[in-house]
Asks: 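Below you will find the structure I want to go over with you.
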Amino acid sequence: MADTKIPVPPIPVNREKKEASLKTVRAEIDALDLKRQISMPRLLLDQIHYISLEYWIIQSFFLIAAVVLLTCFGSLIKGSENILPPVCALSSGLGLAAVLELAKSRSCRMAELEQSCCFNLGQIWAVKLVFSAGVNLCILTLLLFGIRDQAGYSIFALCLYLLVPFIFSHVCYFFLLSARRLSSQKMILSGTLLLVFLFSLFPAAFPKAYQSLYLPLWAMALAVGIVILAIELHRLFYSLTTGGKEFCWN
């Protein structure tokens with residue numbers, strides 16, 4: 001059977017004009033600024049929209065507890081030895097909301113999904129931690145100035161007493177977050193809150209622990225806690241940069 005297809009004549013290509021056109025296109029592409037710079041305030045505002053309602057409920061609970069402790073209950077407590085332990089215990093729970101928010105990324109294939117977004121998982125976590133640190137700093141400042149008149153200690157001493165349980169509780173939370181995956185991680189973290197809460201009340205059994213003589217020990221404990229927390233955060237973020245094989249489900 002004869003071939004009835006109409007032959008297509010070859011299209012002549014001028015290679016010199018083609019190379020010149022490609023060079024022109026490459027030059028125009030190189031001249032364009034394709035990098036989109038996003039400021040930190042804009043990045044914070046974008047990520048606030050994705051913070052869950054659970055986070056705001058937990059933080060509101062601690063804020064209300066702080067106000068109640070400093071007003072209604074605080075007026076019934078006289079003496080620094082009595083007001084400090086519950087305030088320190090309250091400060092130990094401020095990091096729970098942020099860690100529970102980060103723990104959502106450990107749901108099945110959630111980390112892989114977030115890693116494929118415009119911002120990688122490390123950037124999203126960093127923004128959430130910065131925002132949460134600002135919120136917790138406001139609550140700690142409220143507690144600090146709320147007990148300053150009742151407690152007979154300096155601002156420096158009160159900062160140490162509040163920050164030590166605050167930092168060490170974060171160490172516990174982030175250790176559980178970066179440790180082996182648990183199916184009931186939210187329950188484990190909530191149970192850890194009770195443990196650090198009770199541990200923060202432990203100095204109440206030794207009233208002399210709040211004397212100025214032991215301030216160097218409190219300062220050393222705070223320094224050690226900050227170093228351990230920095231190591232925990234480095235391990236956690238490093239696991240994301242290496243593919244997160246200890247972190248992701250796949």
Side-chain angles (χ1 to χ4, degrees), residues 40 44 58-99 126-175 177 192-236:
M40 179 58 71
L44 283 171
I58 295 176
Q59 290 292 62
S60 299
F61 169 78
F62 282 106
L63 179 60
I64 294 173
V67 173
V68 171
L69 179 62
L70 297 177
T71 55
C72 303
F73 188 61
S75 61
L76 302 177
I77 300 179
K78 304 297 181 182
S80 59
E81 294 82 1
N82 295 323
I83 190 64
L84 268 179
V87 171
C88 293
L90 184 62
S91 68
S92 66
L94 294 179
L96 180 65
V99 177
V127 171
K128 289 183 178 181
L129 287 178
V130 169
F131 175 76
S132 182
V135 174
N136 291 334
L137 182 61
C138 294
I139 299 178
L140 285 174
T141 303
L142 175 64
L143 293 173
L144 176 65
F145 288 96
I147 65 174
R148 183 182 58 174
D149 296 334
Q150 289 181 284
Y153 300 118
S154 63
I155 295 294
F156 175 74
L158 291 177
C159 288
L160 290 179
Y161 300 148
L162 291 179
L163 289 178
V164 168
F166 177 77
I167 293 296
F168 274 96
S169 63
H170 276 72
V171 170
C172 297
Y173 297 145
F174 281 112
F175 174 77
L177 183 64
T192 305
L193 171 65
L194 298 178
L195 293 178
V196 296
F197 186 86
L198 294 176
F199 182 78
S200 301
L201 295 174
F202 182 73
F206 306 94
K208 293 183 179 180
Y210 293 118
Q211 293 181 355
S212 59
L213 177 65
Y214 298 100
L215 281 181
L217 295 179
W218 285 91
M220 291 176 59
L222 179 60
V224 171
I226 292 176
V227 171
I228 298 176
L229 181 60
I231 295 174
E232 287 293 333
L233 289 175
H234 179 268
R235 287 179 57 245
L236 187 60

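Index from 1, following the sequence. These numbers come from the heavy atoms of this one structure, side chains and all, not from hydrogens, waters or symmetry mates.
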Asks: Take L142 and L63, measure what side chain to side chain contact (heavy atoms under 4.5 Å, CB included) needs, and give me the verdict at the end.
Replies: CA-CA 9 Å; L142 175 64; L63 179 60; 4.0 Å; yes

Asks: Starting at CZ of F131, measure out to NZ of K128 and round the result to the nearest 0.5 Å.
Replies: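 Between atom CZ of F131 and atom NZ of K128 there are 11.0 Å.
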
Asks: Any chance you could measure F166, atom CZ, to L137, atom CG, to the nearest 0.5 Å?
Replies: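 The CG atom of L137 is 8.0 Å from CZ of F166, to the nearest 0.5 Å.
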
Asks: Where is the tightest heavy-atom contact between S91 and L140, given as atom of each residue plus distance?
Replies: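 Scanning both residues, the minimum pair turns out to be CB-CD2, 3.7 Å.
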
Asks: Only distances under 3.5 Å count here; give the side-chain donor-acceptor pairs of residues 221-236 to other protein atoms, sequence neighbours excluded, each with its distance to 0.1 Å.
Replies:
| from | atom 1 | to | atom 2 | distance (Å) |
| --- | --- | --- | --- | --- |
| E232 | OE1 | S178 | OG | 3.4 |
| E232 | OE1 | R235 | NH1 | 3.2 |

Asks: State the CG-CG distance between L70 and L143, to the nearest 0.5 angstrom.
Replies: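 L70 atom CG to L143 atom CG measures 5.5 Å (nearest 0.5 Å).
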
Asks: What pair of heavy atoms forms the shortest contact from L94 to N136, and how long is it?
Replies: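 The answer is O-OD1, 3.2 Å.
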
Asks: Could you tell me which non-hydrogen atom of V196 sits nearest to which non-hydrogen atom of S92, and how far apart they are?
Replies: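 Residues V196 and S92, closest heavy atoms: O-OG, 3.8 Å.
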
Asks: Can you name the nearest heavy-atom pair linking Y173 to L96, along with the distance?
Replies: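 Here Y173 and L96 meet closest at CE1-N, 3.8 Å.
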
Asks: Identify the two heavy atoms, one from T71 and one from V67, that lie closest to each other, and give their separation to 0.1 Å.
Replies: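 Smallest heavy-atom distance, with atoms named: OG1-O, 2.5 Å.
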
Asks: Measure across A66 and I139 and return the closest heavy-atom pair with its distance rounded to 0.1 Å.
Replies: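 Shortest heavy-atom contact: CB-CG2, 4.4 Å.
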
Asks: Which residues pass the side-chain contact (heavy atoms from CB on, under 4.5 Å) test with S60, not counting sequence neighbours?
Replies: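 S60 satisfies side-chain contact (heavy atoms from CB on, under 4.5 Å) with no residue once adjacent residues are dropped.
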
